[in-house]
Novice: 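Submitted below is the structure of interest, expressed as structure tokens.
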Amino acid sequence: MDHPSQPSVRHFDHCPWLFAAGATEEQRAAQREVQRAVAGDTGIGERCYVAESAAVFPDRLRLGDDSYIAAHAYVTGELDTGSHCTLNPFTTVRGNVTLGHGVRIGAHTSLLGFNHSMAPDRPVFRQPLTSRGIRVGDDVWIGSHVIVVDGVTIGDHCVIGAGAVVTRDLPAWSVAAGNPARVLRDRRGVEAAPAATPAPSGMRPHDGRTPTTRPAPDPEPGATADNPQPAPHDRRAVRVAGAADDAAAAAAAAPGRRPDDGRMPTICPAPDPEPGAAPADNPQPAPHDRRPVQMAAAADTEAVAAASGRRPDDSCTATTRPAPDPGAPHDRRAVRVAGAAGAEVAGAVGAEVADLSGIRPGGGRTPTTRPAPDPRTATLAAFADTARDQAAGLLDRCWDGERYVDRPGAVPTVRAHCDAVEIADLLLGAVPEHLSAEEHIGRLSGLQDPTSGLVPEFGEPLPAADVDGFIGEGAALYHVLCVGYALDLLGPGLPHPVRGVRDMTARQLVVRLEALPWRTGAWGAGAWVDSLATAAHWNLRHGDGGDNGHGTPESLFGWLLTRADPWTGMWGSPSAEEGRLQVVNGYYRLTRGSFAQFGLPVPYPERVVDAVLDHARDARHFGPGRENACNVLDVAHPLWLCTQQLGRGADGYRSGEIHDWAERQLATVLPRWKDGRGFGFGPGAAGPGPEPGLQGTEMWLAIVWYLADLLGRSGELGYRPRGIHRQEPARQGIAGLS
């Protein structure tokens with residue numbers, strides 16, 4: 001018998017947030033047994049709680065750290081959660097459901113990530129099940145008695161009022177309520193917001209991921225003030241909203257989210273007669289006539305697709321590729337050349353850049369009814385031929401008579417010289433003709449300080465080393481990469497080791513890694529790792545193990561492998577302002593210099609693909625006219641790197657979506673080539689800007705190769721990056737050269 005002052009197991013089952021602080025050792029041991037007894041493919045994180053009275057029968061369960069499943073919850077199918085997620089008493093979670101970090105689910109709420117078919121030829125209980133899945137972002141509060149139906153995505157930072165029925169996607173920061181649920185306002189206060197709307201306890205609202213110092217005792221988020229409810233038994237409320245409201249809700253949906261997360265619908269015999277929930281559009285026909293539902297759904301789907309940018313056949317959010325020519329509404333090949341490879345490309349493909357026909361959004365290729373030549377082959381080949389023909393001219397354009405500039409009128413930089421070497425090697429298989437090979441080597445080698453091994457910018461002093469002997473920021477960090485690889489292409493490599501990295505001890509490295517701004521500046525943290533790992537690569541060529549026996553490279557990979565987030569495969573945290581931009585861009589830089597350069601597999605590649613594809617749908621960074629070279633490269637390379645581990649054929653992980661994304665990007669990128677000038681970096685103030693120059697040209701040429709290789713067509717280009725964007729590892733492991 002429990003001591004009167006000691007909470008019982010029944011108490012903890014209903015109030016699991018008390019368990020961490022109040023349980024006895026015997027109760028903790030019993031809880032570990034409860035968790036071990038959960039059947040299926042199960043992984044439960046640290047400091048989790050699963051109520052003894054909960055019915056947890058998953059096919060697959062991943063419960064993140066500091067999460068709990070409370071009394072009488074009912075969990076089946078596949079459930080993945082981030083950290084600090086709560087399924088309060090009597091919650092039902094079934095089918096395919098994915099929760100982000102810090103998701104609070106009130107009592108008696110149902111997330112139904114499956115449904116029955118309802119063809120009119122047989123009873124519903126004999127119909128197969130389908131599942132598109134439910135996705136919930138970070139920092140989401142779902143009140144009590146809410147129903148979320150299959151195929152819905154709920155964006156980050158949403159609050160959903162008690163009793164709501166969520167039938168459509170909700171954009172990030174929404175406060176939604178009602179049946180069907182509608183967005184009432186923006187949680188950030190775009191409209192007048194009642195002060196009573198609380199944030200999910202225990203979470204920092206800026207990113208939805210950082211817990212407070214103790215678990216939040218938020219047992220049951222109730223209704224918000226904004227919670228209009230229709231008459232309890234009037235199912236006509238599902239349709240009362242009308243097409244206009246439905247279209248507006250769909251148009252506001254979280255950008256780029258696929259509700260099914262790339263999963264194909266599962267089809268299996270229905271194990272029980274429970275249909276879950278009615279579909280999103282649910283006009284009520286005569287009680288025994290299900291045939292009109294299909295007729296109504298077709299019209300409604302077309303209306304929603306028109307308003308939200310979705311294609312009715314795939315539930316995919318609007319892409320960023322140019323709209324098709326109205327004169328040929330069903331020909332998705334009609335993406336016009338915009339002066340890109342001049343008349344040569346236009347003549348080769350009939351003024352069409354990309355053929356997206358025959359590509360199904362899920363990834364399968366649908367054969368056409370008759371064989372037809374693929375214009376994409378001619379496009380890539382013609383583009384590459386044009387770039388080669390114009391390479392000498394665009395390099396000459398950026399030679400000021402003494403040194404290289406990124407573009408006419410800019411000041412000379414070390415990077416511009418390195419970009420010129422990379423472009424000439426890539427397109428011409430030669431050195432830029434303004435200097436001989438020996439002169440190029442002499443100039444670049446002479447830039448390296450023989451004592452520190454660093455290369456300062458022209459006209460700038462040598463950067464001061466930090467306490468551990470290496471530097472933390474500035475152009476010299478990137479010069480470790482660009483000067484090193486330019487000299488590698490020219491032959492000799494860097495003449496001196498980078499001594500700050502060579503002399504750094506494993507302890508100093510770990511202290512530095514822990515101090516990097518992973519939460520607030522993941523890109524900068526990843527860029528630092530890229531520079532350090534690349535310096536270690538160059539140092540290994542100078543003998544004595546490259547690190548004076550300190551074991552620094554081994555310590556680097558040990559730290560990275562043990563710090564990768566198992567839910568994203570990445571390092572760092574997203575933010576409300578930028579989403580995953582810093583995390584994904586930092587991941588590219590980090591893995592380029594470490595795992596890719598050293599030929600080692602990345603951890604959690606499937607989760608990386610999930611996170612990167614989700615980021616690639618963020619309209620803030622990939623909306624029309626917003627893509628720059630960094631952002632596209634930082635998606636293309638991680639996808640390419642992970643597919644090397646996961647497989648690249650039709651059966652590869654989410655390969656259909658990866659192919660679709662690569663097709664769309666090629667269709668967007670190729671027309672941006674400016675005759676005689678190359679590529680601009682991208683719109684806006686980021687990087688060098690929209691004016692064509694050496695940096696934009698070097699980066700986009702590499703991006704085109706990676707996009708084409710994701711599609712299995714890089715051989716048509718006739719070039720292959722060998723420098724900073726090389727695809728083969730520079731090493732096989734820490735010791736061996738490739």
Side-chain angles (χ1 to χ4, degrees), residues 320-322 333-356 375-398 404-408 410 416 419-420 422-429 432 622 624-633 636 662-684 686-711 713-721 725:
T320 59
R321 66 172 182 245
R333 294 174 297 172
V335 183
R336 298 291 179 183
V337 171
E344 195 164 353
V345 173
V349 299
E352 295 172 351
V353 168
D355 179 7
L356 304 180
R376 292 171 298 185
T377 303
T379 301
L380 287 171
F383 162 76
D385 287 343
T386 299
R388 275 187 288 270
D389 290 345
Q390 298 180 8
L394 67 89
L395 290 172
D396 191 60
R397 172 177 177 262
C398 296
Y404 290 97
V405 297
D406 180 70
R407 57 200 179 278
D419 286 336
E422 294 253 9
I423 293 168
D425 181 86
L426 188 72
L427 295 177
L428 304 175
F622 295 91
R626 296 185 181 182
E627 308 95 333
N628 63 46
C630 274
N631 293 350
V632 177
L633 175 63
E663 288 278 10
R664 293 194 299 270
Q665 290 301 322
L666 275 179
T668 302
V669 170
L670 295 183
R672 292 180 177 169
W673 176 272
K674 303 301 181 183
D675 285 331
R677 296 182 292 160
F679 284 115
F681 176 82
E691 174 64 24
L694 295 181
Q695 181 179 339
T697 300
E698 188 275 327
M699 292 184 71
W700 283 114
L701 287 171
I703 291 166
V704 168
W705 187 92
Y706 278 104
L707 294 172
D709 203 58
L710 284 169
L711 300 167
R713 304 207 305 273
S714 59
E716 299 160 17
L717 291 166
Y719 68 74
R720 191 177 184 88
H725 297 117

Novice: State whether a side-chain donor-acceptor pair under 3.5 Å links H725 with E422.
Specialist: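 No, no side-chain donor-acceptor pair sits under 3.5 Å.
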Novice: So, taking the atom named OH in Y706 and the one named CG in L701, what distance separates them when rounded to the nearest 0.5 Å?
Specialist: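 The CG atom of L701 is 13.0 Å from OH of Y706, to the nearest 0.5 Å.
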Novice: Do V405 and L694 touch side chain to side chain, with heavy atoms closer than 4.5 Å?
Specialist: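 Not touching, per the 4.5 Å side-chain cut-off.
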Novice: Do F622 and V632 come close enough that some side-chain heavy atom pair is under 4.5 Å?
Specialist: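 Heavy-atom side-chain distance check passes, below 4.5 Å.
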Novice: Indicate the atoms forming the closest heavy-atom contact of P690 with P683, along with that distance.
Specialist: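 Result for this residue pair: CB-CA, 4.5 Å.
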Novice: Can you list the residues that meet the ring-ring contact (aromatic ring centres under 6.0 Å, His included) rule with F681, with sequence neighbours excluded?
Specialist: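 F681 satisfies ring-ring contact (aromatic ring centres under 6.0 Å, His included) with no other residue.
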Novice: Which distance, rounded to the nearest 0.5 Å, do you find between the CD of Q390 and the CZ of R397?
Specialist: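 Here the interatomic distance stands at 11.0 Å.
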Novice: Going by side chain to side chain contact (heavy atoms under 4.5 Å, CB included), name the residues that satisfy it together with R388, two or more places apart in sequence or in a different chain.
Specialist: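 For R388, the residues satisfying side chain to side chain contact (heavy atoms under 4.5 Å, CB included) (neighbours in sequence not counted) are A384, D385, L427, Y719.
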Novice: At their closest point, which heavy atom of P408 faces which heavy atom of C398, and how far apart are they?
Specialist: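 Minimum heavy-atom contact is CD-SG, 4.5 Å.
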Novice: Check step by step if side-chain contact (heavy atoms from CB on, under 4.5 Å) holds for E691 and R677.
Specialist: CA-CA 9 Å; E691 174 64 24; R677 296 182 292 160; 3.9 Å; yes
Novice: Do you know the tightest heavy-atom contact between A636 and L710?
Specialist: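 Scanning both residues, the minimum pair turns out to be O-CD1, 4.1 Å.
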Novice: I'd like to know if R672 and E627 make a salt bridge, using a cut-off of under 4.0 Å between side-chain N and carboxylate O.
Specialist: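 The answer is yes: the pair qualifies as a salt bridge.
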Novice: Can you label the angle between the W673 ring and the F383 ring as parallel, tilted or perpendicular, going by 30° and 60°?
Specialist: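 Answer is perpendicular, since the angle exceeds 60°.
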Novice: Supply the atom-to-atom distance L707 CG to L633 CG, rounded to the nearest 0.5 angstrom.
Specialist: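 Spacing of CG (L707) from CG (L633) equals 9.0 Å.
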Novice: Heavy atoms only: give me the nearest T697-G678 pair and the separation to one decimal.
Specialist: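 Where T697 meets G678 most closely, the heavy atoms are OG1-CA, 3.5 Å.
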Novice: If you look at every heavy atom in P692 and K674, which pair is closest and at what distance?
Specialist: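 Closest heavy-atom pair between P692 and K674: CG-CG, 3.7 Å.
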Novice: Can you name the salt bridge (charged side-chain N to carboxylate O under 4.0 Å, His left out) partners of D406, sequence neighbours left out?
Specialist: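 Checked D406 against salt bridge (charged side-chain N to carboxylate O under 4.0 Å, His left out); zero matches.
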Novice: Please evaluate residues V669 and F679 with respect to the criterion side-chain contact (heavy atoms from CB on, under 4.5 Å), reporting the C-alpha separation (whole Å), side-chain torsions for both, the decisive distance (0.1 Å), and the verdict.
Specialist: CA-CA 9 Å; V669 170; F679 284 115; 4.1 Å; yes
Novice: Between I423 and L428, is there a side-chain heavy-atom distance shorter than 4.5 Å?
Specialist: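 No, every pair of side-chain atoms sits at 4.5 Å or beyond.
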Novice: For I703 and W700, what are the C-alpha separation, side-chain angles and deciding distance, and is it a side-chain contact (heavy atoms from CB on, under 4.5 Å)?
Specialist: CA-CA 5 Å; I703 291 166; W700 283 114; 3.5 Å; yes
Novice: Output, in order, the C-alpha distance, side-chain angles, deciding distance and verdict of side-chain contact (heavy atoms from CB on, under 4.5 Å) for L666 and R713.
Specialist: CA-CA 12 Å; L666 275 179; R713 304 207 305 273; 4.0 Å; yes
